[in-house]
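Working notes for the structure below.
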Amino acid sequence: MRRFNPQQLEAATATEGRILVLAGAGSGKTSVLVERCIHLVETCNISPDAILALTFTNKAAGEMRSRVARKLGKEKAEKITLSTFHSFCYSLLKNEIHHLGYAASFSIYQERELKRLLEQIAPYALEKTEGLSKDALYEMAKRPKSREDEKLKRFLSETMKAHNALDFDDLLEVTLQLFENFPHVLSVYQQRYRYIMIDEYQDTNRIQYELAEKLAHRHGNLFVVGDDDQSIYAFRGSDIRLILEFPHTSLIKLEQNYRSTPGILAIANHVIEKNPNRHGKTLRTAQIDPNLPHLFVAPTEEDEAKAVVLRILKLKEEKCLDWSDFAILYRSNTLARIFEVELLNAHRKEGDRFVRGIPYEVVQGTEFYERAEVKDLLAYLRMFHNPCDETAILRIINYPRRGISPDALKKITERQRSHHERLLHTLRHLPDSLSSAAKAGAAGFIRLIEEGQNTFKTRPLADAIRWLIHTIELQECLRQENKDDKMFQFKWQNVQAFVELAKTSGTNDLGEFLGGCMLDRLHKQNAGGERDRVQLLTFHSAKGLEFSACFLTCLEDELLPHEKSREEGTLEEERRLFYVAITRAKRYLTLSMAQKRKKYGAMKATNPSRFLFDIPKHCLEIEPFDRPHTFL
DNA sequence: GAGGCGTGGATTTTT
DNA sequence: TCCACGCCTC
Ligand SMILES: Nc1ncnc2c1ncn2[C@@H]1O[C@H](COP(=O)(O)OP(=O)(O)OP(=O)(O)O)[C@@H](O)[C@H]1O
């Protein structure tokens with residue numbers, strides 16, 4: 001706090017009332033939040049468990065906690081409730097959801113799973129379903145516009161309740177319902193959280209707003225910080241008006257940027273200026289640095305990736321940076337692939353040896369959890385924990401094969417539906433028409449569930465998972481399925497990585513572990529291992545972070561602005577996204593694009609992002625493209 | 001009931 | 001390019 005300017009100081013020490021900090025990128029908003037936590041505890045003697053600080057991503061929450069811990073010590077820092085809205089609601093519901101008739105062991109359904117479920121129930125919920133895609137059904141249930149839509153929505157929520165399951169939106173919605181219907185529950189939390197603060201407030205949605213208002217109602221101390229120019233989650237329901245119209249007792253603006261060089265700030269301003277309807281914020285910097293951001297145009301996507309990697313090697317050497325000072329940013333997750341390949345193949349000097357590969361981390365990478373073998377294991381765990389989770393059950397009811405064919409399954413679910421039973425009940429009382437193979441399979445499956453539940457209750461988590469893998473003969477099953485040994489090895493490694501994840505997750509509680517997997521996308525790198533890695537992430541997930549050197553890649557029309565944004569009419573949001581990305585860089589910023597990129601396997605010519613034309617030429621150092629002479 | 005093969009559709013962004 | 005799903009045969 002010593003280095004804070006007067007406005008920051010004011011914000012960090014104004015503890016009472018409703019305070020809005022509205023300020024541009026890199027002006028120290030998050031720093032203020034951190035110092036405010038410290039000030040409350042150290043100077044005002046507020047108990048850390050009276051503080052609720054909500055962030056947008058788990059990564060941001062983690063980062064904030066470690067910054068607070070540096071000053072307050074780990075013990076006090078851990079007592080602060082510091083998480084995303086979703087994690088906060090999840091933990092709260094674990095304790096309180098019984099009021100609403102769910103069990104604490106509730107599952108969390110992914111969007112995909114919800115869509116699939118909608119397809120299954122639609123014929124029973126609607127008059128006619130032909131011509132309705134699963135996306136259309138999803139839209140109907142989420143934002144009902146007619147009686148029919150309402151019917152589908154109700155049917156879905158009844159089904160979800162029967163499955164004892166929530167989706168991501170439900171975590172917030174159900175918490176709000178709880179607060180509305182059980183005032184005595186709300187009052188406990190209102191009482192407890194005397195100071196509430198929210199980061200990235202420009203990206204909160206209506207429900208988050210209502211939750212915050214309800215929680216802050218008693219003490220009235222609500223502190224929100226944000227930047228309307230960085231609102232990039234409208235597609236998820238965030239509403240910029242919530243910050244612009246936030247009723248406040250005090251408004252504080254921060255105008256000094258401490259993060260970036262003047263050259264970086266200049267292009268950020270040129271880009272965002274082109275948006276109409278802005279609430280003109282000024283950003284100054286006191287830094288002196290004559291360097292300009294760079295721009296290069298590569299012939300192909302592969303050339304672009306190679307060039308980025310070479311630049312990283314060169315810059316690291318020249319400026320003595322760590323790997324983790326570098327970030328490669330891109331619009332969509334799939335683009336990470338190309339850079340991963342080049343990072344893996346890069347040769348570099350370490351001391352006087354040549355080594356292959358640059359350490360990197362794909363931030364928020366969900367690839368691991370997308371793997372079928374991992375999803376299967378998770379489904380087993382979910383089923384043991386919450387036997388009503390029929391999405392999980394249906395996924396693995398015949399995997400590995402146990403004789404329950406699609407035909408048999410149809411008979412089972414038909415009976416289930418006509419008798420209004422739980423799936424497990426039907427599996428215990430099978431229809432006679434089933435083949436004997438299916439009957440035997442179902443009986444074995446029921447035994448497995450019972451044994452599994454017992455095992456997971458009594459044994460340490462990793463042991464129990466090993467038991468599961470052994471019992472279902474997963475290794476043999478994978479070997480048989482994958483004639484290609486390499487593929488088998490790869491999948492088996494993922495299975496083992498999952499066991500490792502459980503071992504290092506720091507919990508033996510199945511529910512807690514599952515929560516971590518679903519909400520946090522726990523990663524083995526999170527749990528330890530080498531931290532110093534080049535960071536690969538989307539423009540979206542870079543929000544709130546900063547890096548010494550940033551590479552903004554794939555800056556092509558159709559990618560940025562994304563072609564889909566054209567139909568949606570969200571060009572302004574795409575421009576804000578570019579602004580967010582630019583302002584992540586502290587010292588070195590390189591923009592790049594490729595003239596040809598593969599689309600569905602075929603090379604296709606590209607055009608430069610239209611946003612590049614918003615930057616005056618004199619603000620950039622435009623590099624001719626030298627085909628990188630690799631020493632491979 | 002299992003497994004192999006061929007076709008057509010897919011990719012935005014996240015908790 | 002890849003994967004999911006449907007159709008076919010054993
Ligand atoms: N008063 C200050 N003096 C020097 N450096 C500061 C000061 N305040 C903040 N900083 C530094 O400026 C950088 C940006 O701060 P911070 O991340 O808090 O900004 P922010 O407003 O939250 O940014 P964004 O909106 O982009 O998330 C950080 O590296 C921080 O340490």
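Within every chain, numbering begins at 1; the chains are lettered A, B, ... in the order of the sequence lines, protein sequences first and strands thereafter. Values below: all heavy atoms of this structure, side chains included; hydrogens, waters and symmetry mates excluded. Since the structure is predicted, the reported quantities are computational estimates derived from the model, not experimental observations.
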Legend entry - Per A/Thr84 side chain, nearest of listed nucleotides C/dT1, B/dT15, B/dT14: B/dT15
Inset, instruction - Return the nearest nucleotide to the side chain of A/Glu574; candidates are C/dT1, B/dT15, B/dT12. - result: B/dT12
Legend entry - Nucleotide B/dT13, atom P - distance to CD of A/Glu558 in whole Å: 15 Å
Legend entry - Aromatic stack A/Phe235/B/dT13: centroid gap under 5.5 Å, interplanar angle under 30°: yes
Legend entry - Check: A/Arg395 side chain, A/Leu378 main-chain N or O, donor-acceptor pair, under 3.5 Å: no
Inset, instruction - Measure from the side-chain heavy atoms of A/Phe168 and tell me the nearest of B/dG1, B/dT13, B/dT15. - result: B/dT15
Inset, instruction - Using a strict cut-off of less than 4.0 Å between a Lys/Arg side-chain nitrogen and an Asp/Glu carboxylate oxygen, indicate whether A/Glu78 and A/Arg65 qualify as a salt bridge. - result: no
Legend entry - Sugar-phosphate only, base, or nothing, as touched by A/Ala438 at under 4.0 Å among non-hydrogen atoms: sugar-phosphate
Legend entry - A/Asn333 vs B/dT12: side-chain N/O to OP1/OP2 distance below 4.0 Å: no
Legend entry - A/Asn58 side chain, from C-beta outward: closest of B/dT12, B/dG1, B/dT15: B/dT15
Legend entry - Integer-rounded Å distance: B/dT14 C1' and A/His86 NE2: 9 Å
Legend entry - B/dG1 OP1/OP2 closer than 4.0 Å to side-chain N/O of A/Ser435: yes
Legend entry - Protein-nucleotide distance (A/Leu172, atom CG; B/dT14, atom C1'), rounded to Å: 12 Å
Legend entry - Presence of A/Ser541 side-chain N/O under 4.0 Å of B/dT13 phosphate oxygens OP1/OP2: no
Legend entry - Spacing between A/Arg337 atom CZ and B/dT11 atom P, to the nearest angstrom: 16 Å
Inset, instruction - To the nearest 0.5 Å, tell me how far A/Ser107 OG sits from A/Asn386 CG. - result: 3.5 Å
Legend entry - Phosphate-side-chain proximity, A/Arg116 and C/dA4, N/O vs OP1/OP2 below 4.0 Å: no
Inset, instruction - Go through the steps for A/Asp227 and A/Lys29 under the test side-chain contact (heavy atoms from CB on, under 4.5 Å), then give the verdict. - result: CA-CA 9 Å; A/Asp227 174 4; A/Lys29 295 185 295 296; 4.2 Å; yes
Legend entry - Integer-rounded Å distance: B/dT14 P and A/Tyr138 OH: 14 Å
Inset, instruction - Kindly say if A/Asn398 contacts the phosphate of B/dG1, meaning a side-chain N or O under 4.0 Å from OP1 or OP2. - result: no
Legend entry - Ion pair A/Glu572/A/Arg575, N-O distance below 4.0 Å: no
Inset, instruction - For the pair A/Glu574 and A/Arg610, find out whether any cationic side-chain nitrogen is under 4.0 Å from an anionic carboxylate oxygen. - result: no
Legend entry - Whole-Å gap separating P (B/dT11) and NZ (A/Lys115): 8 Å
Inset, instruction - For the side chain of A/Thr334, starting at C-beta, report the closest nucleotide among B/dT15, B/dT12, B/dT11. - result: B/dT11
Inset, instruction - Return no unless some side-chain N or O of A/Arg401 is found under 4.0 Å from OP1 or OP2 of B/dG3. - result: yes
Inset, instruction - Answer with yes or no whether A/Arg331 presents, from its side chain, a donor or acceptor under 3.5 Å of a partner atom in the base of B/dT13. - result: yes
Inset, instruction - With the side chain of A/His540 defined as its heavy atoms from C-beta on, choose the nearest nucleotide among B/dT15, B/dT13, B/dT12. - result: B/dT13
Inset, instruction - Would you please confirm or rule out a distance under 4.0 Å between OP1 or OP2 of B/dG1 and any side-chain N or O of A/Ser405? - result: yes
